[in-house]
Amino acid sequence: MVAATTLQFQRAFASKHDQQGKQILIRDHGVFANYVPPDKQPSITDFGRWRLTKWRNLKNGVQNMLSVGLIKYKSQYEKWDSRKFLEIAEETYKDMNDAFARGDREVLEETCLDSMYSTLKNQIKNRGNARWEWRYHGEVEAPKIVCIRCVGTTGLSKHGFAVAQATLRMYTKQSMAVYDKKNRLIGGDPHKIHNVLEYVVFQKTISDPEDMWRVYGKIASPEKLQQQ
């Protein structure tokens, strides 16, 4: 297990290192691959959709395998360990949500990259004097890597700039409550637990020994996009 206090110290150090002259703008590369698996696999009776889904799943699986190999090859400072990564990602996800509820911009800056941080910071600014209370109540299902990519500026060279992104399927139990300045409940319910499914993109500059996995953003599932 990754100790939460150790992880928080490493993130704080990495964030401080970013602010001391590093070129932060190069961290925003967009989402390398917006693949997420469908919540429900199409029936074989709908052969066109079934075949397309199978092809996309196969293509993503091959790209995942190649990307993991590239990450292992280019990671000069830390060996790739999927179990350790999942532990770090889950703690980062929880810390981000908790910091957002408390309005803690310092922790948000440590757990999020620029675009995500800007979005959450503006949401905090717009909620006025309301107090948010967020609680994590465990997993519905264990977090799962559904997509992983690695992009570098030097091709197959072991050296040079390289960035990894991983999309995780996070299916967790959460509760949220909102109180006014007189501590009256005005939204949510602290006793009502919801199952929340999200696809969260994490990013790390693997060519930087001080960088950490942070939240780049979120991807909507195909089903949600169709409902919009």
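By convention here, the first residue in the shown sequence is residue 1.
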**Request:** Apply side-chain contact (heavy atoms from CB on, under 4.5 Å) to Tyr136 and Glu90, showing your working.
**Result:** CA-CA 11 Å; Tyr136 174 79; Glu90 189 170 25; 3.0 Å; yes
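- Put simply, the side chain of Val200 reaches to within 4.5 Å of the side chain of Tyr93, judged on heavy atoms.
- From Ile88, atom CD1 reaches atom CH2 of Trp213 across 9.5 Å, with rounding to the nearest 0.5 Å.
- Between the side chain of Asn60 and the backbone N or O of Val146 there is at least one donor-acceptor pair closer than 3.5 Å.
- Side-chain contact check for Lys84 versus Glu78: some heavy-atom pair is nearer than 4.5 Å.
- Contact check for Leu197 versus Met170: no side-chain heavy atoms found under the 4.5 Å cut-off.
- Remark: Lys218 NZ is packed, more than 12 non-hydrogen atoms of other residues, nucleotides or ligands lying under 6.0 Å away.
- You'll find the side chain of Pro190 reaches within 4.5 Å of the side chain of Tyr179, heavy atoms only.
- The hydrophobic clustering, which links ILVMFWY residues whose side-chain heavy atoms are closer than 4.5 Å, places Tyr117 and Met96 together.
- Relative to the ring axis of Trp132, Arg102 does not place its NZ or CZ within 45° and under 6.0 Å from the centre.
- By the 4.5 Å heavy-atom criterion applied to side chains, Tyr35 and Thr167 are not counted as neighbours.
- Looking at Pro38 and Thr53, their side chains come closer than 4.5 Å, going by heavy atoms from C-beta outward.
- Note: Ile219 CD1 to Cys147 SG = 7.0 Å, rounded to the nearest 0.5 Å.
- In this structure, OG on Ser82 lies 11.0 Å from CD1 on Ile71, to the nearest 0.5 angstrom.
- In this structure the side chain of Arg135 reaches within 4.5 angstrom of the side chain of Glu133, judged on heavy atoms.
- For Arg169 and Glu141, the salt-bridge test passes: some basic side-chain N is under 4.0 Å from an acidic carboxylate O.
- Judged by distance alone, with hydrogens and angles left aside, the side-chain atoms of Asn126 form a donor-acceptor pair with the main-chain N or O of Asn122 at under 3.5 Å.
- Side-chain polar atoms of Thr45 and Ser43 form a donor-acceptor pair below 3.5 angstrom.
- For Arg127 and Phe100, the positive end sits near the middle of the six-membered ring, less than 6.0 Å away and at most 45° from its axis.
- A donor-acceptor pair under 3.5 Å links the side-chain atoms of Asn64 to the main chain of Ile148, judged by distance alone.
- Lys182 NZ to Leu185 CG: the interatomic distance, rounded to the nearest 0.5 Å, is 15.5 Å.
- Using modelled atom types, one finds a donor on one side chain and an acceptor on the other under 3.5 Å when comparing His137 with Ser175.
- Between Leu86 and Leu168, the closest side-chain pair of non-hydrogen atoms falls below 4.5 Å.
- Side-chain contact annotation: Arg149 with Gln63, donor-acceptor N/O pair under 3.5 Å present.
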